[in-house]
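The structure under discussion appears below in the form of structure tokens.
Just the heavy atoms: all of them, side chains too, but no hydrogens, waters or symmetry mates, feed the values below. On a predicted model such as this, the values are computed, not experimentally measured, just so you know.
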Amino acid sequence: EVQLQASGGGLVQAGGSLRLSCVASGFDFNDYTIAWFRQAPAKAREGVSAISSRFGRAYYADSVKGRFTISADNAQNTVYLSMNSLKPEDTAVYYCAESLSSIGLYAHDYDYWGRGTLVTVSS
């Protein structure tokens with residue numbers, strides 16, 4: 001059974017940093033595509049960043065390029081999202097998800113989802 005567990009959210013002031021973790025189990029972590037999505041109140045779910053060992057690539061939404069970095073620790077079955085220079089508009093519930101076949105930032109391409117972790121950025 002594929003399981004994804006996101007953690008690391010919290011309250012931070014604008015300009016601050018947080019690192020989110022997504023611990024994965026139930027699939028071969030040498031062959032993965034994992035992404036971070038976020039959903040703010042009353043807004044659609046938005047793709048933030050994705051990383052794939054399968055395709056050897058990483059993607060970022062324009063809104064986070066230069067501020068967020070996605071990385072993976074295969075030994076720990078964990079994908080990280082390091083978030084710097086946080087802005088109030090980054091406030092959202094952040095989810096990690098795994099795709100069996102694609103890479104990108106479209107939610108419909110992802111097959112398994114973890115529970116979210118809340119990030120709140122105060123101004």
Compile the donor-acceptor pairs under 3.5 Å between side chains in residues 1-16 and protein atoms, sequence neighbours left out, one pair per line.
none

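- Not a single side-chain hydrogen bond (donor to acceptor under 3.5 Å, both in side chains) links K43 to another residue, sequence neighbours left out.
- Contact detail for L20 and M83: the closest heavy-atom pair is CG-CE, 3.8 Å.
- Residue pairs meeting the disulfide (SG to SG under 2.5 Å) criterion with at least one partner in residues 36-69, sequence neighbours excluded, do not occur; the list is empty.
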Taking only distance into account, with no hydrogens and no angle test, what donor-acceptor pairs under 3.5 Å do side-chain atoms of residues 47-58 form with protein atoms, sequence neighbours excluded?
from : atom 1 : to   : atom 2 : distance (Å)
S49  : OG     : Y59  : O      : 2.8
S52  : OG     : Y32  : O      : 3.3
S52  : OG     : T33  : OG1    : 2.7
S52  : OG     : R54  : N      : 3.1
S52  : OG     : F55  : N      : 2.9
S53  : OG     : N30  : O      : 3.2
S53  : OG     : Y32  : N      : 2.9
R54  : NE     : D31  : OD1    : 2.7
R54  : NH1    : T33  : OG1    : 3.3
R54  : NH1    : S99  : O      : 3.1
R54  : NH1    : L100 : O      : 3.4
R54  : NH2    : D31  : O      : 3.1
R57  : NH1    : Y59  : OH     : 3.2

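- Identified under the salt bridge (Lys or Arg N to Asp or Glu O under 4.0 Å) test for residues 102-123, with sequence neighbours left out: none.
- Take E46 and apply the side-chain hydrogen bond (donor to acceptor under 3.5 Å, both in side chains) test, not counting sequence neighbours, and it matches R38, S63.
- With rounding to the nearest 0.5 Å, the separation of CD1 in I34 from CG in L81 is 12.0 Å.
- Residues Y60 and L105 have side chains not in contact (no heavy-atom distance under 4.5 Å, counting atoms from C-beta outward).
- Legend: salt bridge (Lys or Arg N to Asp or Glu O under 4.0 Å) pairs involving residues 8-25, not counting sequence neighbours: none detected.
- Among residue pairs with one or both ends in residues 15-117, those qualifying as disulfide (SG to SG under 2.5 Å) are C22-C96; sequence neighbours excluded.
- Scored by the side chain to side chain contact (heavy atoms under 4.5 Å, CB included) test, T78 finds S21, V23, Q76, Y80 as partners (sequence neighbours excluded).
- Summarising the hydrophobic clusters (Ile, Leu, Val, Met, Phe, Trp, Tyr; side-chain heavy atoms under 4.5 Å, direct or chained), the residues clustered with F37 are V93, Y95, Y110, W113, L118.
- With salt bridges taken as basic N to acidic carboxylate O contacts below 4.0 Å, one links D62 and K65.
- Legend: residues meeting side-chain hydrogen bond (donor to acceptor under 3.5 Å, both in side chains) with S17, ordered by chain and number and at least two apart, are N84.
- Note on residues 68-77: no pairs pass salt bridge (Lys or Arg N to Asp or Glu O under 4.0 Å), not counting sequence neighbours.
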